[in-house]
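The structure appears right after this line, and notes come after that.
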Protein chains: 4
Amino acid sequence: MPDSTRRSERSRHAILTAAHELVAEVGYRKLTIEAIAARAGVGKQTIYRWWPSKGAVVLDGMLAAMGDPEDLALPDTGDVDADLRGVVHAIVEELAEPGLSGTSRSLMIEMQDDPDLAEGVLERLLGPQLAAIADRLRAAQDAGQLRRDLDLSVAVEMLIGPLYHRWLLRTAPLTPAYADTVTDLALRALAPDRLASHGEDRLE
Amino acid sequence: MPDSTRRSERSRHAILTAAHELVAEVGYRKLTIEAIAARAGVGKQTIYRWWPSKGAVVLDGMLAAMGDPEDLALPDTGDVDADLRGVVHAIVEELAEPGLSGTSRSLMIEMQDDPDLAEGVLERLLGPQLAAIADRLRAAQDAGQLRRDLDLSVAVEMLIGPLYHRWLLRTAPLTPAYADTVTDLALRALAPDRLASHGEDRLE
Amino acid sequence: MPDSTRRSERSRHAILTAAHELVAEVGYRKLTIEAIAARAGVGKQTIYRWWPSKGAVVLDGMLAAMGDPEDLALPDTGDVDADLRGVVHAIVEELAEPGLSGTSRSLMIEMQDDPDLAEGVLERLLGPQLAAIADRLRAAQDAGQLRRDLDLSVAVEMLIGPLYHRWLLRTAPLTPAYADTVTDLALRALAPDRLASHGEDRLE
Amino acid sequence: MPDSTRRSERSRHAILTAAHELVAEVGYRKLTIEAIAARAGVGKQTIYRWWPSKGAVVLDGMLAAMGDPEDLALPDTGDVDADLRGVVHAIVEELAEPGLSGTSRSLMIEMQDDPDLAEGVLERLLGPQLAAIADRLRAAQDAGQLRRDLDLSVAVEMLIGPLYHRWLLRTAPLTPAYADTVTDLALRALAPDRLASHGEDRLE
DNA sequence: AATTAACCGAGACGGTACGTCCTGTCTTGTA
DNA sequence: TACAAGACAGGACGTACCGTCTCGGTTAATT
C-alpha cells in the first residue's frame, strides 16, 4: 500500500516487521506501541501517523508476512468432497499451528471492540478466504452437487464454523481426523436430497 | 466458592455487582479494577486478594448475575427437531442481544491470553451449556433419531459453531430465520441415513 | 514500665527487641509496624494497643536496650575541665558510633513532626543526660569555677550544641581532637573573668 | 540546574511552586508526590523524571523561593561583636518562624537517611550560610579580633550549634535575649586572650 | 543551488491505571 | 477473654504506556 505522501518506506517496513515479531514473542496483549517503535528504531509518532490502532499495525504486519493472496482460490477438480476436505484440512492445520494461530486469534479478539479493525480483518484477511470457499461451493451447486436452495454464506459457516468454535474455545485439539469428521457431516448437510424430486424444504 | 478464610461476604457481593454493572456500562476494555473497587466501596487489595485477573472478576460477576444453572437442561419432548430448534433460537437470541453479548464476547477474548480464565469460562460458563446440548443429543441418539456413530462433541459444534462464527466475525446479522436454516442443515447432517441398511460411512 | 493491665510481658519484650533489631538492620525510615509485628510473632493490634506510633516503639526499644540510667551522673573530681572533657569525649564517641547513632538520629528526626514523641524523647532519653551535665556545671558554678551569671541550660548547649550540629549535618567527622577543641572553647566561654572585680557583662 | 534536554520550564516552575506551597500547608510528612503533581497540573512521571526524591523537590522548591543567595554575605562593619550578633539574631528569628522552620527542619530530618539529599542540602542550602559566617570570622581573625589558632569551622559551630540544638530539641523557646546570650558566650570563647603575650593554649 | 515544508528519530509531556505496600481498624478462631 | 493472624477500606507509591506535543535534523520537491 505505497502512499505517495509517505516518505520512509524503510520505516514502514521496519514497523510491520517489528510488530509481527513482537506479537509472536510476547503476545498481542503485552504488545505495546512503544515496543514496536523501539524495535523498529522509529518514533512513536510515525506509527500513530499511519495506523489508527495497535490492531491495525498487527493486521498489516500479518498481511505483509503472508505475502500475496493469489493462492487463496480453491482447486476445482470436479470432486467437491475432495476439494472441500482439502481446504478444511488446510484450515485445521493452520489453526493448529501455535505461532500464526495466536496472532490471528488475537486479531479476532481485538476486532470485537474495534469496528474499524473488524472491517479491516474481515475485508482483507478473512473475507477473501470465505469468498474463495463460497466460490467453490457455488461451482458445485451449479454442477448439481449441492442443494440448490443453499445460502452459500451459511454453507461456508457449516463447514468452518465448527473449526473456529473448537479453535477459539479450545474444547478439544484440532486433528486431521476431526477435519474429516466435520467435512463428512457438513457435506451430508449440504448435499442434495437423494431423491431430488421435490426440493421444497423450509430452507430459505 | 466460599473460602473459609474469606471474611466479608458483603465485599464479595459488592465487587461482583459492581463488576457486572460496570462491564455493562463502559464495556470490558474500559473496565478497570480501580473503578470496580471504587463502585464497590472496597480497597483494591481486596479484589487482588481473591481474584487473579479482571477477567476472573467479570466471569464471577456474570455467573452470579445469571443465578442457578439448573435451567440449562434442554426440554426433551421427544421431538429432536423442535427441541434443538428451540435451543438454537435461544442462543441466537442471546448472542443478538447487545448487553450480555458484549460481556461474553469479551470473556472469550480474554481467555485467549489467559489459560486460567479460559479454564474457568469453559468449565463454569460454556461447558455446562455445551454439555446440556450434548445430553439432549445423546438421548436422541439413543432413541435412534440421530446417527449412531456421531461424536457428540462434534455434533454440538455442527449446531452452534456456525452461530458463533457469524457472531464473532459479524459477517451477517443473527436472525430467527438464520437459526432455522442452521437447525435444518445441522439436523440433516446428524440424522441417520434414510435407508438405515448400511451405516458404513467414514465417520469415526 | 510494667503495666498491670498488660497481659503478655513476653509480647512486650519481643516487640521491643524486634523494633531495636530492625531499626538497626533497615533503618528507621524503612521500618514498618508490620515488620515489627512479624518479627516479634505478634499481632499488629498488640502494638497499636500499647504504643501510639512507630517512634514510641523505637524509643522504648532503645531505652530497654540501654538499660538502667543510673550511670548518667557525671563524676565530680573537683576538676571541671577534666570532668567536662570526659563527658564531651563520651558523647563524641557515642555519636561517632554508626549503630546507635542512626537510631537516635532517626528519633530526633521523628520528634520534629510528633509532639508526643518529642516529649518522650526529651523526658526519658535526652533530658536526663542534659540534666546530668547541668548538675555538674551547677556544682562547678557553686565552687566559683564558672561564671556566676550563667544560665545553665545555655551553658549545656554551648558544650554539646556544636557536637550535635556537626553530627546532624555531617559537615566533618567527630574525633577526639574535636572533642578537645570544643571543650577548650566552651570552658573559655563559661569560665569566670580572670579579674573577677567586675561581672557586669550583659549576660542575663 | 538547567538541563538541555528539559523541555518544559513551565512545568518545572509549577512543580517547585506547588512543592513549596504544599510543604507549608500540610507539612513535609504529609506531602505526597501525587499532591505536588496534581497541584502543579503535571504528570507524576515528570517529577520522577527530574528529581530522585521528595526531599530533592522540596529542597529545590525552597531554594527557588529563597531567590538569589548573593545576600548571604555578612556585613563587615569592623565590629565583630555587632556583626555576629546580627547574624545570630537573624538565624534565631528565622528558626523561630514556624513556616520556614518546619520545612528546613524536615529537610534536615530527611537528609539523615538520604546521603544524596544530605549532600544537596549541605552544599546548596546550609553550606553557603556557614561559609558566609566563616568568611566574616576569618576577616575578624585577620584583624586580630579573634584567636589566631581558631579552627574556623569549629568557631562557626560554637556560634550556631547551640541555636540548632535548642531548635531541634525544642528544649526552650528561641528568643532575642537567647541570641544575645549565645553571642556573648561564643565571642568570649573566640576572643583572643586579654594578654596576648602568649597564645600557646592547647587549642589545635 | 537555495528554500521550504513535511517527515523523521527521539523522547518529554499530561494523564490513567497498574499492582504493591503499608496504614490503622475490625473480625475470626485458638488456647 | 486476650491474643496471633490477617482481612478490611483507604491511599500513596513508583512504573508502564497511552496518545499528543515539541524539538532539531534530514530529505524531497519547489523555487
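Reminder, nothing fancy here: chain letters follow the sequence lines and each chain counts from 1. The structure presented is a predicted model; accordingly, all values stated were derived computationally and were not measured.
A search for side chain to side chain contact (heavy atoms under 4.5 Å, CB included) contacts involving D:Ala35 returns D:Leu22, D:Thr32, not counting sequence neighbours. For D:Glu123, there are no salt bridge (charged side-chain N to carboxylate O under 4.0 Å, His left out) partners at least two apart in sequence or on another chain. By the side-chain hydrogen bond (donor to acceptor under 3.5 Å, both in side chains) test, D:Ser8 is found to be paired with D:Ser11, residues two or more places apart in sequence or in another chain being considered. Contacts of A:Ile33 classified as side chain to side chain contact (heavy atoms under 4.5 Å, CB included), with partners at least two apart in sequence or in another chain: A:Ile47, A:Tyr48, A:Lys54. A search for side chain to side chain contact (heavy atoms under 4.5 Å, CB included) contacts involving B:Ala118 returns B:Met111, not counting sequence neighbours. In this structure, the side chain to side chain contact (heavy atoms under 4.5 Å, CB included) partners of B:Ala56, at least two apart in sequence or on a different chain, are B:Trp51, B:Pro52, B:Ser53.
Between the axis at the start and the axis at the end of the helix from E:dA1-F:dT31 to E:dA31-F:dT1 there is an angle of 10°, using five pairs per end and rounding to 10 degrees.
As a whole-Å value, the separation of D:Arg39 CZ from E:dG14 C1' is 18 Å. Counting to the nearest Å, the P atom of E:dA12 and the CD1 atom of D:Ile15 are 13 Å from each other. Between A:His13 atom NE2 and E:dC8 atom C1' the separation is 18 Å, expressed in whole Å. Rounded to a whole Å, the CH2 atom of C:Trp51 is 16 Å from the C1' atom of E:dG24. Rounded to whole Å, the distance from CD on C:Glu9 to P on F:dC3 is 12 Å. Nucleotide E:dC8 holds its P atom 16 Å from the OH atom of A:Tyr48, rounded to whole Å.
Distances shown here put every side-chain N or O of A:Thr46 at or beyond 4.0 Å from the OP1 or OP2 atom of E:dC7. For F:dA7, the OP1/OP2 oxygens have no side-chain nitrogen or oxygen of B:Ser11 closer than 4.0 Å. Taking only side-chain nitrogens and oxygens, D:Ser8 never comes nearer than 4.0 Å to OP1 or OP2 of F:dT22. Between F:dA2 and C:Trp50, no contact under 4.0 Å exists linking OP1 or OP2 to a side-chain N or O. Side-chain N/O atoms of B:Arg49 include one lying less than 4.0 angstrom from OP1 or OP2 on F:dC8.
Here the closest heavy-atom approach between residue D:Leu59 and residue D:Val121 is recorded as CD2-N, 3.7 Å. Contact between D:Gly61 and D:Leu16 at its shortest, heavy atoms only, is N-CD2, 3.6 Å. Smallest separation of non-hydrogen atoms from B:Ala37 and B:Gly43: CB-C, 4.3 Å.
Where D:Lys54 and B:Gly43 each meet DNA chain F at their nearest nucleotide, the meeting point lying more 5' is that of B:Gly43.
Taking every side-chain heavy atom of B:Gln45 into account, F:dG10 is the closest of E:dC8, F:dC13, F:dG10. Nearest nucleotide to the D:Lys44 side chain, out of E:dC7, E:dG14, F:dT15: F:dT15. With F:dG19, F:dC17, F:dA4 as the candidates, the nucleotide lying closest to the side chain of C:Arg10 is F:dA4.
Using a 4.0 Å cutoff on non-hydrogen atoms, the parts of residues 26-34 of chain D near DNA chain F are D:Thr32, D:Ile33, D:Glu34, ordered by number.
Residue pairs meeting the salt bridge (Lys or Arg N to Asp or Glu O under 4.0 Å) criterion with at least one member in residues 36-46 of chain D, sequence neighbours excluded: D:Glu21-D:Arg39, D:Glu25-D:Arg39, D:Glu34-D:Lys44.
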